[in-house]
Undergrad: 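Following this message is one structure expressed as structure tokens.
Each chain gets a letter, A, B and so on, in the order its sequence line appears, and its residues count up from 1. All of these numbers come straight from a predicted model, not from anything done at the bench.
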There are 4 protein chains.
Amino acid sequence: MLTSTPAVAPPAEPARKRRKEARPQELLDAALEVFVERGFAASKMEDVASRAGVSKGTVYLYFPSKEELLKAVIRHNLSLTIAQGGDLAAQFPGPTDELLRVLAMSWWERVGETQASGIFKLIITEVRNFPEFAQFYAAEVIEPGRQLLKALLQRGIDRGEFRPVPLEDTAYALIFPMLMLCLHKHSVGACSGDIATQDPRAFILNHIDLMLHGLCRTGTSP
Amino acid sequence: MLTSTPAVAPPAEPARKRRKEARPQELLDAALEVFVERGFAASKMEDVASRAGVSKGTVYLYFPSKEELLKAVIRHNLSLTIAQGGDLAAQFPGPTDELLRVLAMSWWERVGETQASGIFKLIITEVRNFPEFAQFYAAEVIEPGRQLLKALLQRGIDRGEFRPVPLEDTAYALIFPMLMLCLHKHSVGACSGDIATQDPRAFILNHIDLMLHGLCRTGTSP
Amino acid sequence: MLTSTPAVAPPAEPARKRRKEARPQELLDAALEVFVERGFAASKMEDVASRAGVSKGTVYLYFPSKEELLKAVIRHNLSLTIAQGGDLAAQFPGPTDELLRVLAMSWWERVGETQASGIFKLIITEVRNFPEFAQFYAAEVIEPGRQLLKALLQRGIDRGEFRPVPLEDTAYALIFPMLMLCLHKHSVGACSGDIATQDPRAFILNHIDLMLHGLCRTGTSP
Amino acid sequence: MLTSTPAVAPPAEPARKRRKEARPQELLDAALEVFVERGFAASKMEDVASRAGVSKGTVYLYFPSKEELLKAVIRHNLSLTIAQGGDLAAQFPGPTDELLRVLAMSWWERVGETQASGIFKLIITEVRNFPEFAQFYAAEVIEPGRQLLKALLQRGIDRGEFRPVPLEDTAYALIFPMLMLCLHKHSVGACSGDIATQDPRAFILNHIDLMLHGLCRTGTSP
DNA sequence: AATGAATGAGTCTTCATTCAT
DNA sequence: GATGAATGAAGACTCATTCAT
């Protein structure tokens, strides 16, 4: 309602304008939250709208339908994930186990601890209803992620740090617990806080330690 | 259809009767399938009905509402999981790493490879809309499962087979990849078959091998 | 279930047979009760059935549809009313005011105090949905009743007992409070017993006294 | 439709606004009509909607359920009845018989001849399904009405105009025929117009005359 | 004759979407 | 651009009715 501010106002653009430009982002964030909380089908456009602080009709000024809003949410958050994943690309000089820890913590900071962590739940849930995403997701997230991890493993093997393990399966074994942490956070974890890991970072470091050194006593392994 | 059986047939109850007794099970199976495919909110009762080969109204003869049907589906499949988990309780004599492999493969056979694997997606998705499940699930599945795994790890440590690792986090690190496999199977995996593991059993065995011996070359670890 | 009783049974016909003959009556009674309680549309055939102590399907052995059941209920109870009204036809020798009291009390005994009193609520409620009943009811109940009352008033006037009043309106003024008593009994009266007349017979006698002698002091009237 | 009015027009709110404020009233009126015609259970929300000139969904913008709509209809029309009843409260100077006639005709004008007359049928029909109404109706309508009539009778008795009659029963005997007139109007009377009173006002005046002076010849009474 | 499992047309209710303001 | 009243297609649920037993 207060579209104009008196003379002395800061050089800031008119509030409405600023608003307008921020809207799509605000709506996507609101939508991700709502969709992750309730599930896509059970989410109401009005909930998304009111969480973004606008009225029902306004959402349609930016996204032509609920379905398109979902697609935009996924595309947007996938790009985010990927972009962030891209940063991880390493010219890391040190040992590979160190690199692994750095990458994992960085990923958790940028994804696991942000709203973006909800995207995985959304994908798990909705990919069957929107099969176009499967391909999209495979190409944009799974594949780059897999390449990154396989390269990392290969680096370790090549440098004589790692045993020669099956790259593919090991890559998944590395990333799956971290994805589960994201899923957990937005499902069981959102209900009864005490369940599962109290300290995700410690969990991740432990997971990596296990992946590196295994359960078995050193002398015990063949 | 088989209403008449030859003379020597067993006391053969009337077909209708047999039907009535089998219905709840048939409906629960159909419901699990449909709910896992489409998500709870997007599933139509009529779809459940027709997948079970009955009409809309019939479902309501056995379950008073869609919500109660979901609850029954979860309860039913959880009980199964739990019961099967109970069977796993081991008087296994051999080494703990062997036990770990046996348990994992058995779980995969009984859960991962059956329809019951869909229940995890359902829980991830719906637990926030039915918070009563969080408690239920925590008490009936998570807790027993956690105890089982912690006991197993403790066994390995006590016998000098395993390093002294954090029990809690390690238990989750053990099970999370296997849960992700279930989730994957009913999401991305259901769309583009080629993604992720072609051979889940191999994946599991590799995962366990990693958990046991780690990535690092034996001599390399500190 | 106990259809046959051992040898020494009384000469009574087989229970099933007796049952079968009584069924239509039992069903009509049950239906009247249920329809009056819940209203026709809100009444379930199953409620009627279970109140009559039979199963859903059995009702259809006697009445082809819910609508026909309603019609039968109304026809049956109307005939009853009329037949009983016919008995009232009087060769009463005494004064007309006496006759009026006798008729009213007799009607109340036979109708107001029995289940038949519910029929008026049913007619008030359903006549617009089944307009065929309007005619039926007018011809079978209203008209005979009106004739009876008009004749009674005429008798009083002819004998010099009554003032020459408008026959038609006066007839209605006589009967309306008694019908309201029936309606009340099955509506407000069924909820909070204390409302309205505790003693219907006293109410009726007072009503008739008023109709005969009026509120005004005798000397006061013109 | 009349969105623009000539220059001098009043501050004329936008049509949509005017509509929104009028809607609840329009819906309540439509609902009363439909419910009275068909009975509550047999009435479809869509019928109410279309009679009010809106679509199905619109009704739910104003009333959360069919049941709440019924409650609102009854509350609304009861308040009306009560308010109108309050107006009847009299500082009437003249004789009590005159007062009685004035009150009766006024009530008939304001209730009997308006849509409000339908409320009694609705109450008779639905009070057993919504027992909360019994109490409400007893407190808000029956009790005030009873007090009014008893006071009126007492006035007549105190002024030596009336015989000392039982107040309670006589009050009911006074009002019952007028209620029956309302019920009749929306039941049998709505089907075959010729049945019962052609001229309700004449009927009421005759009823009151009877209540005042009785049927009996003046000299005849004991 | 009686049962009660099964059916599916019919209603209530929700919510994505539109559009006059 | 923003709003929110209105719409109506879609889906949960009920219940009159059927029919195999």
Undergrad: Between D:S55 and C:E67, which is nearer to the 5' end of DNA chain F once each is assigned its nearest nucleotide?
TA: D:S55

Undergrad: When you get a sec, tell me which of E:dA6, F:dA2, E:dA2 is the closest nucleotide to the side chain of B:R23?
TA: E:dA6

Undergrad: With the side chain counted from C-beta on, respond yes when B:K56 and B:K44 share a heavy-atom pair under 4.5 Å apart, and no when they do not.
TA: no

Undergrad: Are C:E37 and C:H186 close enough that a side-chain donor and a side-chain acceptor fall under 3.5 Å?
TA: no

Undergrad: Does the side chain of A:Y60 come within less than 4.5 Å of A:M45's, by heavy atoms?
TA: yes

Undergrad: Once you apply the 3.5 Å cut-off to both distances, tell me the Watson-Crick or G-U wobble partner of F:dA16, or none.
TA: E:dT7

Undergrad: Would one find a side-chain N or O of C:T58 under 4.0 angstrom from OP1 or OP2 of E:dA2?
TA: no

Undergrad: In whole Å, I'd like the distance from the CZ atom of C:R38 to the C1' atom of F:dT14.
TA: 15 Å

Undergrad: Rounded to the nearest angstrom, tell me the gap between atom CD in D:E46 and atom P in F:dA10.
TA: 15 Å

Undergrad: Calculate the interatomic distance between A:K44 atom NZ and F:dG11 atom P; express it in whole Å.
TA: 17 Å

Undergrad: Can you tell which of E:dG4, E:dT13, F:dT3 lies closest to the side chain of D:S65?
TA: E:dT13

Undergrad: Specify the separation, in whole Å, of atom CD of C:E68 and atom P of F:dT18.
TA: 13 Å

Undergrad: Give a yes or no answer on whether the side chain of D:S65 reaches the backbone of D:E68 with a donor-acceptor pair at less than 3.5 Å.
TA: yes

Undergrad: Assign each of C:G57 and A:P64 to its nearest nucleotide of DNA chain E by heavy atoms, then name whichever residue's nucleotide is nearer the 5' end.
TA: C:G57

Undergrad: Determine the contact category for C:K56: base if any of its heavy atoms lies under 4.0 Å from a base atom, sugar-phosphate if only primed atoms, P, OP1 or OP2 are that close, otherwise nothing.
TA: base

Undergrad: Just call it for D:K66: base, sugar-phosphate, or nothing, with non-hydrogen atoms closer than 4.0 Å on any strand.
TA: sugar-phosphate

Undergrad: Taking the nucleotide of DNA chain F with the closest heavy atom to each, which residue, C:F40 or B:S43, is nearer the 5' end?
TA: B:S43

Undergrad: Could you check whether C:S50 gets within reach of a base, just the sugar-phosphate, or nothing at all, counting any heavy atom under 4.0 Å?
TA: nothing

Undergrad: Could you go through C:F130 and C:F136, starting from their C-alpha distance and side-chain angles, then the distance that decides it, and tell me whether this counts as ring pair (Phe, Tyr, Trp, His ring centres under 6.0 Å)?
TA: CA-CA 10 Å; C:F130 300 85; C:F136 192 59; over 10 Å; no

Undergrad: For D:M45 and for B:L61, locate the closest nucleotide of DNA chain E by heavy-atom distance; then report the residue assigned to the nucleotide nearer the 5' terminus.
TA: B:L61

Undergrad: Can you tell which of F:dG8, E:dA2, F:dG1 lies closest to the side chain of A:Y62?
TA: F:dG1

Undergrad: Taking pairing as Watson-Crick or G-U wobble with both contacts under 3.5 Å, can you name the mate of F:dT21, or confirm there isn't one?
TA: E:dA2

Undergrad: For D:Y60 and F:dA6, is the shortest distance between a side-chain N/O and OP1 or OP2 below 4.0 Å?
TA: no

